[in-house]
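Comments concern the structure below.
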Amino acid sequence: KGNEIALKSPLIVTGHALGGSIASLFTLWLLDRMSSKKPTKRLPLCITFGSPLVGDKGLRQAVSQRSTWPSCFLHVASSRDHLPSALLATASSSNYEPFGTFLMCDEQSCDCVGDPEIVSRLLSHKASDQLESLSVDEYGKMVEYLKSRVICQGSSILGRPMANSMQAGIALQLQSIGISLDQVNRDLQAFLFTLANNKCT
């Protein structure tokens, strides 16, 4: 069909503020146009930064009914940015509802939230605060900071930056068996380096 789209390479659609809302709508359009007869492993990924909500309950339900669609959206929202919650601030705008996954960030941590009800509550709570609008540069700094941290469902669980993913993986494995990072704090980098370079014989 002439209306169907197939992605031959990975596609990331991104936008800041109102551009993020446009990115979300464009990604929804792409997903709708992709071939439903041939399941594809290549789906677009939409990453927004500080963008307002774009849909109501009907849109959220439509996205949720398609098993792969919710995972195509990651919305990054700072606790200091008013725009993601701006449409929730007035009673006439309370019909807006979130879809996808939200990375809710503040100065100390980021929480990954996929439940629309929880996202709505968090954003509604922020809507009553007097907040500023963050620039794309502020979100850029946030992304740079997050590059060296491991983000897991729920929260960022490593309290300190890791040099690479190998070290972060080893630190997470240590935590999973009950060894706190404080126990190896004296020379953490050397300890992780030794573990990473040991070869099994």
Side-chain angles (χ1 to χ4, degrees), residues 10-32 43-91 93-159 168:
L11 175 66
I12 298 175
V13 182
T14 188
H16 170 252
L18 293 177
S21 297
I22 294 169
S24 292
L25 294 172
F26 178 69
T27 304
L28 286 168
W29 179 83
L30 278 175
L31 289 168
D32 186 54
L43 294 173
L45 173 62
C46 178
I47 304 174
T48 68
F49 298 91
S51 65
L53 303 177
V54 295
D56 61 5
K57 184 177 182 177
L59 180 61
R60 181 182 55 81
Q61 288 174 341
V63 170
S64 298
Q65 287 174 355
R66 290 154 178 90
S67 62
T68 56
W69 285 24
S71 64
C72 294
F73 297 91
L74 175 63
H75 307 284
V76 181
S78 170
S79 62
R80 297 182 303 146
D81 193 351
H82 82 282
L83 202 50
S85 59
L87 295 176
L88 299 174
T90 63
S93 306
S94 62
N95 292 334
Y96 287 91
E97 293 198 14
F99 60 87
T101 301
F102 279 72
L103 191 59
M104 311 291 277
C105 298
D106 62 23
E107 290 79 20
Q108 298 177 352
S109 68
C110 288
D111 293 319
C112 191
V113 184
D115 185 319
E117 294 299 322
I118 294 173
V119 171
S120 290
R121 287 182 190 166
L122 290 170
L123 290 176
S124 293
H125 178 70
K126 281 189 352 178
S128 61
D129 296 339
Q130 295 295 324
L131 301 170
E132 58 191 276
S133 180
L134 290 187
S135 70
V136 71
D137 292 334
E138 291 294 321
Y139 277 102
K141 290 175 189 174
M142 194 179 307
V143 169
E144 285 299 316
Y145 176 71
L146 292 174
K147 272 182 163 180
S148 63
R149 299 176 69 88
V150 176
I151 307 298
C152 295
Q153 183 72 21
S155 65
S156 56
I157 60 176
L158 292 180

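- Nearest heavy-atom pair, L83 versus L18, reported as atom, atom and distance to 0.1 Å: CD2-N, 4.4 Å.
- When side chains are defined from C-beta on, H75 counts as touching S24, because their heavy atoms get closer than 4.5 Å.
- P116 is listed as a side-chain neighbour of P98, based on a closest heavy-atom distance under 4.5 Å.
- Using a 4.5 Å heavy-atom threshold, the side chains of P10 and L45 count as separate.
- Of the inter-residue distances, the one linking I22 atom CD1 with T27 atom OG1 reads 11.5 Å to the nearest 0.5 angstrom.
- Between atom SG of residue C105 and atom CG of residue D81 there is a gap of 11.0 Å, rounded to the nearest 0.5 Å.
- Under the 3.5 Å distance criterion, the side-chain polar atoms of D56 are matched with a main-chain donor or acceptor of L59.
- Expressed to the nearest 0.5 Å, how far CG of L103 lies from OG1 of T48 amounts to 10.0 Å.
- The SG atom of C112 sits 7.0 Å away from atom CG of L74, with the distance rounded to the nearest 0.5 Å.
- Checking side-chain atoms of Y139 against main-chain N and O of S78 turns up a donor-acceptor pair under 3.5 Å.
- We find the CZ-CD distance between R66 and Q61 to be 11.5 Å, quoted to the nearest 0.5 Å.
- Within 6.0 Å of CG in L11 there are more than 12 heavy atoms belonging to other residues, nucleotides or ligands.
- Just one residue in the list L43, T68, V63 forms a side chain to side chain contact (heavy atoms under 4.5 Å, CB included) with L31, and that residue is L43.
- Counting only heavy atoms from C-beta outward, the side chains of F49 and V136 never approach each other to under 4.5 Å.
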Go through the steps to decide whether L123 and Y96 satisfy the test side chain to side chain contact (heavy atoms under 4.5 Å, CB included), and finish with yes or no.
-> CA-CA 11 Å; L123 290 176; Y96 287 91; over 6 Å; no
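- The aromatic rings of F99 and F73 sit perpendicular to each other, their planes meeting at more than 60°, with 30° as the lower class boundary.
- S21 contributes a side-chain N or O that, together with a main-chain N or O of P52, makes up a donor-acceptor pair within less than 3.5 Å.
- Nearest heavy atom pair, residue G50 against residue P84, reads CA-CG, 3.7 Å.
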